[in-house]
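Residue numbers start from 1 in every chain, and the chains themselves are labelled A, B, ... in the order their sequence lines are given, proteins ahead of strands. It should be emphasised that the depicted structure is a prediction, and the values quoted were computed from it without experimental measurement.
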Amino acid sequence: MKIRAILATKGTNVITIHPDQPLRDAARLLAKHNIGALVVVDEAHDLVGIISERDIIRASARLEDALSQPVGQSMTREVITGLPQDDLVAVMDTMTERRFRHLPIMDQGELVGIISIRDVVKYQRDQYKGEIDTLETQIIADED
Amino acid sequence: MTQVGTDANPLRVAIIGAGPSGFYVADHLFRQRDLVVEVDMFDRLPTPFGLVRAGVAPDHQKIKSVTKVFDRIASRPNFRFYGNVEFGAHVTLADLRQHYHQICYTTGAQTDRHMGIPGEDLERSHSATEFVTWYNGHPDCRHCTFDLSQERVAVVGVGNVAVDVARILSRTPEELAKTDIAEYALDALSRSRVKEIYLLGRRGPAQAAFTTPEAKELGELTDANVAALPEEVELDSLSRAALERNPDQATIRKIEILQGYALHKPTGKSRKLIMRFLVSPVELIGNDAGQVAGMRLVRNELYATEAGTLRPRHTDQFEELPVGLVFRSVGYRGVPLPGVPFNEKWGVILNEKGRVVNPGTGQPVVGEYSAGWIKRGPTGVIGTNKPDAAETATCMIEDVAEGLTLKPQQPEVAAAEQLVRAYQPNYFTYADWLRLDELEVTRGKAAGRPRIKFTCVEDMSAALGR
């Protein structure tokens, strides 16, 4: 199973933010779309970082007026990115081992989506559910 | 107007495609206690079940037992089947909007990806799906021909379709005669002169998509030895490290089985199935008649992507494989439906959790949905479509509650039936299918087979006395 299958059911919108925008905008976007991270892109729509709810909490703990500070100051710059053809299982292992929860997906240098650890878990769960269901159906058929 | 989904105004749903996903969507809707729903399911074939009938290999009858589940769903009084009715030809999107509150597309991944190499269009180079639909008696492919006088065959890919094709080519006529394989295919395969079948994987054994039981089954063929090259089933350092970090028992077992095949001594069986890994075809070589006479392979090595996937990369080592018949199975994609937004990149209907999305606005298209392979692409087993269909059906139910449905002028059951009758008088109901099913099974019984399939619409019509 490839990451492509997750992206396929996520529409076309990737929610992004500019590094000069204040953290408040980031918080609002996260709340509005009910998501945990935003991809930070510059004018050329090139990926320059990722800003997560955890980054915002860290900034708030550190600074009085954190929400007025630019996103660029608190974002994670070292971003691991994925490809549509990445294997779901490999991605799940990498996200678990390296402890990150959001993976922007690039296709030939272009940002095409972002997947969260929740997406990965959901697809893996559905995969297992499906396999169990199929096996059960066959076992019941044997008994008939 | 009363609320949609009540006795006075039942929710009318059209499902396009009678495969597993279509049935699972119907089932999920039927399970809603406070929703009165009427489902009409359309299929371009007279027979239901999609890939369960036309894809699942004939020597895997047990997998096909899932049709009992579908029969139960179809037995509900608020379910109707319109077989032999094609979306876009007999009924259009505009028609359906006049008769239904919601339309759900479950048309699957009907076409295959190409290898994109020179010589791919030579004679005796085929898509594996063509072969699969042929041996399964799909009306589209009953007239296809394959040159089974060739002794050496390559199957490109190691997914379950590729493994099915290699296995069917390796079976004896006696083994095949116990299945529901199409009669003409049984006849052609009984005369097959195929001796060597190569299964070609571009990555290593640890990344192969086939399952452990599928790998094991290849070692249990009556008259074919399975083989592998020791150096190709030995794990490379990257695969070994990945497996040590995350020791997945199924993968470890699969590799052990394949390594066992590399040690097998041939035992005088008449056919040989050779599993190759870390190779990609780069060219099909033709003879003067424009037919496949060989294949040029490049050896691959693996590298890790940033996210940790092991991907293949060509090296500068090449070899030639003298094969006269090629089946490619390197991926599948959906076919766009007339008037329905399509995501060319992923080969699926543009959607968000199954809600069809307008590419211009990025917003959902009211009343249109998708589920199964046309929604997420071709992955998983039959059962994987159940949670997928549930996700779509949940969106459908939410939208009914929000009043976000189409506003059909003629939502009555009889009006839709009239429409179908007007454009396709020779449509097949579920009762018609049950009759055909009974006839197929009866014909099979006499020959000691699970069933003998009808493989064209004319025969099916004739069998019903039309």
Quiz prompt | Check ion pair Lys122(A)-Glu391(B) (N to O, under 4.0 angstrom) | solution = yes

Point to revise | Side-chain ion pair, Arg376(B) and Asp126(A), N-O less than 4.0 Å | key: no

Ranking Gln127(A), Met1(A), Gln85(A) by heavy-atom pairs under 4.5 Å to chain B gives rank one to Gln85(A)

On a heavy-atom basis, the closest approach of Ala90(A) and Gly308(B) is CB-O, 3.5 Å

Smallest heavy-atom separation, Thr137(A) atom then Val69(B) atom, equals CG2-CG2, 4.4 Å

Approximate separation, where rounding is to 0.5 Å, of [X] [atom1] and [Y] [atom2]:
X: Thr9(A); Y: Arg355(B); atom1: OG1; atom2: CZ; result: 12.0 Å
X: Arg4(A); Y: Thr379(B); atom1: CZ; atom2: OG1; result: 10.5 Å
X: Asn343(B); Y: Lys10(A); atom1: CG; atom2: NZ; result: 14.0 Å
X: Lys129(A); Y: Lys386(B); atom1: NZ; atom2: NZ; result: 9.5 Å
X: Asp388(B); Y: Tyr123(A); atom1: CG; atom2: OH; result: 6.5 Å
X: Glu131(A); Y: Thr384(B); atom1: CD; atom2: OG1; result: 6.5 Å

Flag the one option from [options] with the top tally of heavy-atom pairs under 4.5 Å to chain A.
options: Val356(B), Leu310(B), Asn246(B), Ile349(B); result: Asn246(B)
options: Pro359(B), Gly347(B), Gly362(B), Ala307(B); result: Ala307(B)
options: Asn385(B), Val357(B), Val381(B), Asp248(B); result: Val381(B)

*Please assess Asp93(A) against Arg245(B) for the test salt bridge (charged side-chain N to carboxylate O under 4.0 Å, His left out), listing each intermediate value before the final yes or no.*
CA-CA 9 Å; Asp93(A) 289 343; Arg245(B) 280 199 309 277; over 6 Å; no

Are more than 12 heavy atoms, taken from residues, nucleotides or ligands other than [X], located less than 6.0 Å from that residue's [atom1] atom?
X: Tyr128(A); atom1: OH; answer: no
X: Lys353(B); atom1: NZ; answer: no
X: Lys216(B); atom1: NZ; answer: no
X: Arg125(A); atom1: CZ; answer: yes

Check your understanding: Would you say Gln138(A)'s side chain and Ile63(B)'s backbone share a donor-acceptor pair under 3.5 angstrom?
Key -> no

Go through the atoms of [X] and report whether side chain, backbone, both or neither lie under 4.5 Å from a heavy atom of chain B.
X: Ile80(A); value: both
X: Val112(A); value: side chain
X: Glu136(A); value: neither
X: Ile6(A); value: neither

Where does [X] contact chain A at under 4.5 Å (heavy atoms): side chain, backbone, both or neither?
X: Lys64(B); result: neither
X: Val66(B); result: both
X: Leu350(B); result: side chain

task = Verify the distance criterion only: is there a donor paired with an acceptor across the side chains of Thr305(B) and Asp86(A) at less than 3.5 Å?
result = yes

**Request:** Classify the side-chain pair Asn13(A)/Glu352(B) by whether it contains a donor and acceptor separated by less than 3.5 Å.
**Result:** no

Residues passing the side chain to side chain contact (heavy atoms under 4.5 Å, CB included) test with Val335(B), sequence neighbours excluded, are Gln110(B), Thr111(B)

With side chains defined as the heavy atoms from C-beta onward, is the minimum distance between Arg203(B) and Asp87(A) less than 4.5 Å? yes

